[in-house]
Amino acid sequence: MAIRTEPFILNVGPQHPSTHGVFRLRVTLDGEVVVDVEPVVGYLHRGIEKLAEGRTYTQNIPFTDRLDYLASMTNNFAYVLAVEKLAQIEVPERAEYLRIIMAEMMRIASHLMAIGFFLNDLGAMMTPVLYMWREREKLLDLFEMVCGQRLTYNYMRIGGVSQDIPEEFLPALKKFVAEMPTFIDEYEWLLSQNEILLARTKGVGILPRDVAINIAASGPVLRASGVKWDIRKADPYSIYDRFDFEVPVGNVGDCYDRYWVRMQEMRQSVRILEQALEQLPGGEVYAKVPQLLRPPAGEVYGHIEAPKGELGFYLVSDNSIAPYRFHIRPPTLINLTALKDMVIGWKVADLIVTFGSMDVCLGEIDR
Amino acid sequence: MKFERYGIGIAKGMAITFKHLFRPPITVQYPEEKLVVSRRIRGNELVWFPDRCTGCATCAKSCPQGNIEIATHVGSENNYVVDKFELDAGRCMFCGLCVESCPYEALAMGVSYEQAQYRRGDLVWSKEELQPLNKRPSGYARPEIEAALPKQSLLIYGDKERDEGGQKLRLIPLSKKRGRGV
Amino acid sequence: MTLLEQFRLWLATILPGWEWLAYVVPAIVGIVVILGFVLTMVIVFIWYERRLLGRFQIRLGPNRLGPEGVFQPIATAVKILLKEDVVPEKGDKVLHWLAPVIVFVPVLMIFAVVPFGERAILADLNVGIVYVVAISSISVVGIYAAGWASNNKYALISALRTVAQMVSYELPLILAIVGVVLMAGSLSMTQIVASQDIPFFILQPLGFVIFFLGTLAELNRCPFDLLEADSEIVAGYHIEYSGMKFAMFYLGEYGHALAYSCIIATLFLGGWQGPLLPPIMWLVIKALVVFSTIVWIRGTLPRLRVDQLMAFAWKGLLPMAIINLFMIAAEVLWLPETMLWIMGAVNLILAAGLILMWSKLFTLGGGRVEV
Ligand code: SF4
Ligand code: SF4
């Protein structure tokens with residue numbers, strides 16, 4: 001006699017330890033096997049795009065902090081780059097270098113967080129998270145030193161950065177850059193060959209190359225699928241063309257590759273930091289820009305390689321003090337569209353792991 | 001999926017956690033132990049110097065939240081007299097834009113961060129409460145104040161720096177092995 | 001003759017005509033002593049795990065209440081007891097109430113046969129180890145009942161996982177025990193300890209490893225903590241429990257950990273045997289060592305997936321346990337009693353060979369299913 005079975009619907013979230021914010025997955029399960037997934041977003045919607053239309057260009061910078069709150073610096077960076085492109089503002093050399101330093105520090109901090117919580121989703125009770133937080137803490141200390149806060153930095157300004165770095169910053173960062181490779185080695189010892197991690201992630205949640213390109217995925221998610229696409233190389237913004245670094249690429253596009261790509265990117269970021277520290281020139285950090293900037297009418301799309309992917313700002317100016325249209329291209333929202341294809345047929349546990357390996361940030365998805 | 005490495009990966013991981021057993025914990029036991037915050041800290045506090053303020057309201061205009069409320073009248077020496085200077089900490093996001101924009105350096109961020117209140121109404125700071133009586137202004141966008149503040153404690157130096165804040169943490173020992181790079 | 005039996009006989013001599021009292025009093029004394037030991041040790045274990053896990057994770061762990069935070073578990077207990085007892089409206093109320101009891105009671109019953117010293121054992125059953133296996137499996141029923149009665153999908157998934165996991169891991173566990181029994185020549189726990197002049201983990205390394213892994217699964221400890229799986233099914237079967245009932249699960253979990261630590265110590269590490277210190281201290285020390293290893297593993301490893309877990313039990317541990325059992329049987333049969341060291345060496349080589357072979361041969365199946 002066949003037992004009658006039927007799929008059932010499980011609500012993963014909005015309050016769930018592994019949804020990395022307030023996010024809901026409506027999962028249809030057949031036993032443990034995922035039959036259907038429907039992401040439900042919008043729990044963290046704050047209407048930043050609309051709010052920004054009522055504020056001046058400078059006043060919008062603190063709002064960009066609140067997008068991907070694990071990588072505020074790069075959000076600032078993308079936004080000010082877009083505005084500078086719109087208003088054609090030249091940025092002093094030292095400010096460019098400081099921006100790169102901050103962006104790469106941010107990349108390391110964000111990837112540490114991503115890997116740590118990815119492992120937490122895999123079930124390694126907080127240990128990797130806490131090890132990675134130790135390094136992230138050092139970076140946050142440095143951010144705090146420069147701009148006074150640890151999460152919402154609000155450091156970059158249109159035409160430069162808000163303040164020059166204090167003199168204790170450089171020695172501390174140099175020490176960090178010197179130590180970091182050792183710590184990354186340690187993480188690799190702890191994680192990269194762990195059989196359980198391999199068994200759980202190799203071949204799981206594969207995002208094929210063509211699908212990744214079709215959905216316009218970006219960042220480590222795209223590169224893990226074997227596409228060598230990094231905006232720092234493909235469309236060098238700021239002064240990235242002056243640095244020598246590699247773009248790590250995965251070949252399968254499974255969870256392990258995404259993890260591995262992030263790990264390698266941290267090493268590359270350390271390399272960029274090393275070079276930037278060597279080359280850092282003196283001088284001004286802020287080009288004089290009027291407080292009430294009125295960029296010429298027009299539109300612009302500025303994008304950078306944020307830790308989580310291509311972060312873009314589309315701005316339309318009508319020559320007033322506030323943007324006419326302020327649109328954000330959040331990398332993780334677009335990466336997330338592939339989730340359904342990646343997890344159907346896998347188990348619930350794989351769903352959680354795959355979702356974790358995408359490294360989403362709900363502040364950015366819901367805006 | 002095979003366990004091709006005979007569990008060596010697991011053993012390596014276990015070795016790393018075992019090594020950490022002998023490293024000093026990085027916990028800061030707040031509130032008994034407090035770290036020295038950055039000299040440029042944007043604490044949950046604003047400090048307003050009434051003698052320097054001209055009532056120009058640049059700060060109010062630059063605030064993204066429209067958070068600063070200023071009312072003035074023209075005084076005897078043809079200057080503005082500030083009647084009302086009110087700031088709602090409940091809405092403030094401590095972005096520091098008002099401090100940066102003040103042309104007379106009459107506004108500064110504060111160092112303090114323990115500012116929780118039981119009522120929302122208590123979060124609205126009046127002119128009197130904003131004055132620098134018992135407050136320590138921070139060095140955010142104010143280089144001369146910054147120079148006078150104590151150095152920030154940094155985890156990267158382990159104890160040496162953290163000790164200044166009453167910390168009792170030893171230096172985190174590092175293995176001598178250098179990184180390989182990719 | 002155990003200490004309690006001696007006590008009974010002595011009571012019988014001084015209280016002629018009151019034989020029933022001579023049975024009741026020692027029983028009560030025994031129960032009180034065991035309960036005291038278990039509850040104290042559980043509190044110590046809870047505190048110890050938190051502190052040790054904290055140190056593995058370069059943090060401090062609870063250190064506020066009392067010296068080094070030893071009173072933290074008590075504070076936790078008080079907090080839990082003061083919580084409101086929430087029962088899901090559409091759940092099975094009777095079963096919901098019964099489940100924690102079913103989980104907790106067998107754990108206490110295990111301690112009846114744990115030998116704390118040469119004669120310090122509550123009941124020296126001649127089938128001691130069989131009793132342990134039989135009793136400890138009962139908690140599965142409780143966990144399943146909890147998952148079912150909660151009327152919660154997460155709890156249900158967890159309950160089903162539990163049943164599958166327990167059934168799978170019981171087999172290698174028992175086969176490993178049979179190896180020990182063969183060598184000791186008795187099912188009685190005291191006899192097993194007494195026969196360990198050389199601790200059995202040296203003589204049967206593979207059996208020890210299999211038993212240890214089976215224990216981890218039995219205790220739902222990392223990397224087999226699927227039924228609690230914080231990041232997937234939140235807390236699993238006890239997601240709908242609070243207050244005293246939750247405390248029972250909590251106590252049950254740590255009591256189980258304590259019981260199995262003691263049993264590993266008894267079966268493989270020589271139990272209460274040891275120089276200088278009193279026997280009970282040796283048992284506690286050995287149990288703590290076992291438990292520290294469990295915590296260490298928990299502090300390091302991620303968790304397996306449900307199908308990998310099954311594959312590991314059926315394709316990995318079970319065949320190895322069978323081969324191990326046959327080897328030990330052959331050795332016990334043919335090797336003379338005096339050549340124990342040779343036996344240890346042979347078994348060590350066997351263990352290494354089997355592990356190497358299985359690493360190459362054995363695949364964790366599963367993966368994607370077409371839907
Ligand atoms: S800190 Fe920012 S939000 Fe607060 S009052 Fe100043 S400008 Fe407004
Ligand atoms: S900008 Fe400065 S001087 Fe002007 S009103 Fe504000 S605090 Fe006073």
Side-chain angles (χ1 to χ4, degrees), chain A residues 51 55-56 58-63 65-66 127 130-131 133-134 137-138 140-142 144-149 152 154 157 162-163 166 168 172-173 175-176 179-187 189-200 202-203 246 248 264 267-268 270-271 291-292, chain B residues 1-17 19-20 23 26 28 35 37-43 58 61-66 93-97 100-101 109 138-141 143 146-147 151-157 161 172 174-182:
Chain A
L51 283 173
R55 279 159 178 80
T56 66
T58 313
Q59 285 177 351
N60 279 331
I61 299 172
F63 282 108
D65 285 339
R66 273 108 183 133
T127 311
L130 281 157
Y131 291 177
W133 270 356
R134 178 188 50 201
E137 181 71 25
K138 294 172 183 168
L140 294 193
D141 275 351
L142 293 180
E144 182 189 339
M145 184 196 282
V146 173
C147 63
Q149 244 166 37
T152 49
N154 185 21
R157 291 286 179 276
S162 74
Q163 298 163 67
E168 356 29 314
L173 184 58
K175 186 158 188 291
F176 177 83
E179 282 174 3
M180 191 59 193
T182 334
F183 284 114
I184 300 179
D185 283 349
E186 218 169 61
Y187 298 148
W189 261 72
L190 178 63
L191 305 171
S192 289
Q193 293 168 19
N194 187 314
E195 276 85 356
I196 297 181
L197 184 128
L198 292 174
R200 285 296 304 277
K202 280 261 187 192
E246 277 145 39
Q264 303 310 318
R267 291 191 191 277
Q268 297 303 327
V270 172
R271 265 179 75 187
Q291 263 248 300
L292 293 180
Chain B
M1 194 62 236
K2 292 186 180 184
F3 275 90
E4 265 169 355
R5 291 166 191 269
Y6 329 116
I8 290 171
I10 289 178
K12 275 183 171 180
M14 304 275 285
I16 291 285
T17 36
K19 202 158 120 192
H20 278 82
R23 291 190 180 174
I26 52 168
V28 177
L35 298 179
V37 293
S38 153
R39 300 178 187 188
R40 291 181 181 173
I41 185 76
R42 304 206 302 261
T58 315
K61 277 178 228 151
S62 69
C63 175
Q65 302 285 58
M93 54 184 174
F94 305 102
C95 62
L97 287 182
E100 276 172 51
S101 68
M109 303 301 296
S138 98
Y140 185 76
E146 185 184 344
K151 260 187 164 176
Q152 182 191 355
S153 47
L154 296 172
L155 177 62
I156 189 139
Y157 293 126
E161 296 285 301
I172 296 174
L174 273 171
S175 60
K176 289 283 166 291
K177 204 160 70 74
R178 269 296 314 221
R180 288 189 298 268
V182 179

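Protein chains get the first letters and strands the later ones, always in sequence-line order, with residue 1 at the start of each. Since this is a predicted model, take the numbers as computed values, not measurements.
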With chain A as the partner, which of [options] has the greatest number of non-hydrogen pairs under 4.5 Å?
{"options": "B/Ser38, B/Gly13, B/Pro64, B/Cys63", "answer": "B/Pro64"}
{"options": "B/Gly43, B/Ser62, B/Ala15", "answer": "B/Ser62"}
{"options": "B/Ser138, B/Ala141, B/Gly96", "answer": "B/Ala141"}
{"options": "B/Met14, B/His20, B/Met93", "answer": "B/His20"}

Checklist entry - Considering only heavy atoms from C-beta outward, does the side chain of A/Met145 approach that of B/Arg40 to under 4.5 Å? => result no
Item to check | pair B/Gln65-A/Gln59: side-chain heavy atoms closer than 4.5 Å | outcome: no
With only heavy atoms counted, which part of [X] is less than 4.5 Å from chain B, the side chain, the backbone, both or neither?
{"X": "A/Pro248", "answer": "neither"}
{"X": "A/Thr56", "answer": "neither"}
{"X": "A/Tyr131", "answer": "side chain"}

Checklist entry - Looking only at atom types and distance, does a side-chain atom of A/Asn154 sit under 3.5 Å from a main-chain N or O of B/Cys95, one as donor and one as acceptor? => result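 At least one qualifying donor-acceptor pair exists.
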In Å, rounded to the nearest 0.5 Å, how long is the span from [atom1] of [X] to [atom2] of [Y]?
{"X": "A/Leu191", "Y": "B/Ile16", "atom1": "CG", "atom2": "CD1", "result": "9.0 Å"}
{"X": "A/Thr152", "Y": "B/Arg42", "atom1": "OG1", "atom2": "CZ", "result": "5.5 Å"}
{"X": "B/Tyr140", "Y": "A/Cys147", "atom1": "OH", "atom2": "SG", "result": "7.0 Å"}

Checklist entry - Is the shortest side-chain N to carboxylate O distance from A/Arg157 to B/Glu100 below 4.0 Å? => result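 Looking at B/Glu100 together with A/Arg157, the answer is yes, because their closest N to O distance falls below 4.0 Å.
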Checklist entry - Are B/Arg39 and A/Glu144 close enough, and set up right, to give a salt bridge (Lys or Arg N to Asp or Glu O under 4.0 Å), and what steps lead you there? => result CA-CA 9 Å; B/Arg39 300 178 187 188; A/Glu144 182 189 339; over 6 Å; no
Item to check | Options A/Val146, A/Leu140, A/Thr127, A/Leu51, ranked by heavy-atom pairs under 4.5 Å with chain B, top entry | outcome: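 Heavy-atom pair counts peak at A/Val146.
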Item to check | Where B/Ile10 and A/Ile196 come nearest, the two heavy atoms and their spacing | outcome: CD1-CG1, 4.1 Å
